[in-house]
Amino acid sequence: MSFGAAITDAEGLRLTPEEKRLFREMNPFGFILFARNVDTADQVRALCDDFREAVGRNCPITIDQEGGRVQRLRAPLAREWMPPLDHAERAGEQAERAMYLRYRLIANELFELGIDSNCAPMVDLAREDTHAFLKNRCYGSDPKTVAEIGKAVAKGHLDGGVLPVVKHMPGHGLSTLDSHHDLPHVDLSQDALEQADFAPFRALNDLPMGMTAHLVYDRIDPKPATISPTMIGLIREQIGFDGLIMTDDISMKALNGAPEDVTRQALAAGCDVILHCNGTFEARTNVLEAAGEMTDPAQKRAEKALAMRQKPAELDIPAAEAELSALMGGQVYER
């Protein structure tokens, strides 16, 4: 039986009977957690068990745990990290190793709670006018440096038994608007984009999963990338990404229309799986029904991604923290 072509969420700390019935029937590929789903360690583990029991398999459970402003797990469940851009800049020439250690520790925190995916690395390029919602979540502005750090971040996850999701393909850094509220437009030629924004994604095109950007690249196609066959084709052919492509959250205001209509558009454009968050139970039901089952190519990519989950490598946590502290001049966490 094929997976459902969606990743969705839950309303609270445990699944309701109605959610259990819905997920059992629709078999979504995986699930995502938000702060409203988090209380104690035992509760998070129990919720992850609920998800997996509902679909009858070891489905992936993901989260946004970048560190800094975007982290759903907070103390005492997780370390309070400084923003990624601040971390990378403070580490300087040691940024690649420092970011590996950061995300290896994050992966350990996630895995211990039953979470086996994370929406990172984020290899969008920071610009002078990049919108504040994104800028300090970036790793830098140089494509080569960002790609190297992104690879280290991905390895930190994989070594910790957690699947990384590279985002936001094919590049969100030129956005001067917050796509949670508005639809950003990029007015740059494809040649210029190939040299800059697309480059880190090309360097990470062997990762298991990737997330789209809700941006319009005006000189390439008038549709937002998430629902553009042209842009999804570019991600596949020019960037060379053959992993599982998931949308960014389709409930974000950058995309117009009912969630079920956006679902059909994104799948028709070539996305493999829909990410739908923060909707009503009715909206969640409509999206899961509209998404249906994965196509055969999507199913193969999903199975290939899941096969990259591995038993975490042994981690000496005190030694990792000590090394990271030395690399960072003693300041590792947000104060």
Q. Is there a donor-acceptor contact under 3.5 Å from the side chain of T263 to the main chain of P259?
A. yes

**Q.** Pair listing, ring pair (Phe, Tyr, Trp, His ring centres under 6.0 Å) test, anchored in residues 304-325, at least two apart
**A.** none

Q) Does the K135 side chain pair with the main chain of R127, one donor and one acceptor, at a distance under 3.5 Å? A) yes

Q. Is it true that a side-chain atom of N37 and a backbone atom of G12 form a donor plus acceptor pair closer than 3.5 Å?
A. yes

Q) With sequence neighbours excluded, what pairs up with F133 under the ring pair (Phe, Tyr, Trp, His ring centres under 6.0 Å) test? A) H131, H172, H180

Q. Do side-chain atoms of E80 reach the backbone of R74 as a donor and acceptor pair under 3.5 angstrom?
A. no

Q: Start with the C-alpha distance between E53 and K20, add both sets of side-chain angles, then the distance that settles salt bridge (Lys or Arg N to Asp or Glu O under 4.0 Å), and finish with yes or no.
A: CA-CA 9 Å; E53 182 180 353; K20 290 179 180 179; 5.9 Å; no

Q: Report whether I232 and L183 are members of the same hydrophobic cluster (ILVMFWY, side-chain heavy atoms less than 4.5 Å apart, transitive linking).
A: no

Q) Which pairs, with at least one residue in residues 152-173 and sequence neighbours excluded, count as a salt bridge (charged side-chain N to carboxylate O under 4.0 Å, His left out)? A) D64-K167, E66-K167, K155-D159

Q: Hey, could you give me each pair passing salt bridge (charged side-chain N to carboxylate O under 4.0 Å, His left out) that has a residue in residues 42-52? Not counting sequence neighbours.
A: R14-D50, D42-R45, R52-D116

(Q) Donor-acceptor pair, distance only, cut-off 3.5 Å: does the side chain of Q65 make one with the backbone of I106? (A) no

Q: Please check if the side chain of N118 supplies one atom and the backbone of A107 the other of a donor-acceptor pair under 3.5 Å.
A: no

(Q) Taking F281 as the starting point, is it possible to reach L15 by hopping between hydrophobic residues whose side chains are less than 4.5 Å apart? (A) yes

Q) Taking only residues two or more places apart in sequence, or in another chain, which ones meet H157 in a ring pair (Phe, Tyr, Trp, His ring centres under 6.0 Å)? A) Y103

(Q) One pair to check against salt bridge (Lys or Arg N to Asp or Glu O under 4.0 Å): E260 and R264. What are the steps and the verdict? (A) CA-CA 6 Å; E260 59 268 30; R264 296 185 187 99; 5.8 Å; no

**Q.** Within 6.0 Å of CG in D296, more than 12 heavy atoms from elsewhere
**A.** no

Q: Examine distances only and state if a side-chain atom of E19 and a backbone atom of E11 form a donor-acceptor pair shorter than 3.5 Å.
A: yes

**Q.** Linked, directly or transitively: I63 and I250 (ILVMFWY side chains, under 4.5 Å)
**A.** no

Q. Judged by atom type as modelled, is there a donor-acceptor pair below 3.5 Å linking the side chain of E303 to the main-chain atoms of K300?
A. no

Less than 3.5 Å apart, which donor and acceptor atoms pair up between the side chains of residues 268-275 and the rest of the protein, not counting sequence neighbours?
from	atom 1	to	atom 2	distance (Å)
D272	OD1	R301	NH1	2.9
D272	OD2	R236	NH2	2.7
D272	OD2	I245	N	2.9

Q. Partners of H87 by ring pair (Phe, Tyr, Trp, His ring centres under 6.0 Å), sequence neighbours excluded?
A. none

Q: Indicate whether the side chain of N278 and that of S251 have a donor and an acceptor atom separated by less than 3.5 Å.
A: no

Q.
According to side-chain hydrogen bond (donor to acceptor under 3.5 Å, both in side chains), does anything in residues 209-220 pair up with another residue at least two apart or in another chain? List the pairs.
A. H185-D218, D187-R219, T212-T226, H214-T226

**Q.** Exam field: side chain E194 to backbone Q238, donor-acceptor pair closer than 3.5 Å
**A.** no

Q.
Between D9 (side chain only) and C277 (backbone N and O only), is there a donor and an acceptor less than 3.5 Å apart?
A. no

Cut-off 3.5 Å, no hydrogens considered: what does the side-chain donor-acceptor table look like for residues 21-31, sequence neighbours left out?
from	atom 1	to	atom 2	distance (Å)
N27	OD1	R57	NE	3.0
N27	OD1	R57	NH2	2.9
N27	ND2	S2	O	3.4

Q. Can you list the other members of the hydrophobic cluster that holds L85, where links are side-chain heavy atoms under 4.5 angstrom apart?
A. none

Q: Using the test side chain to side chain contact (heavy atoms under 4.5 Å, CB included), find all partners of A95 that sit at least two apart in sequence or belong to another chain.
A: A88, A91, I149

Q. For F201, which residues count as a ring pair (Phe, Tyr, Trp, His ring centres under 6.0 Å) partner, sequence neighbours excluded?
A. none

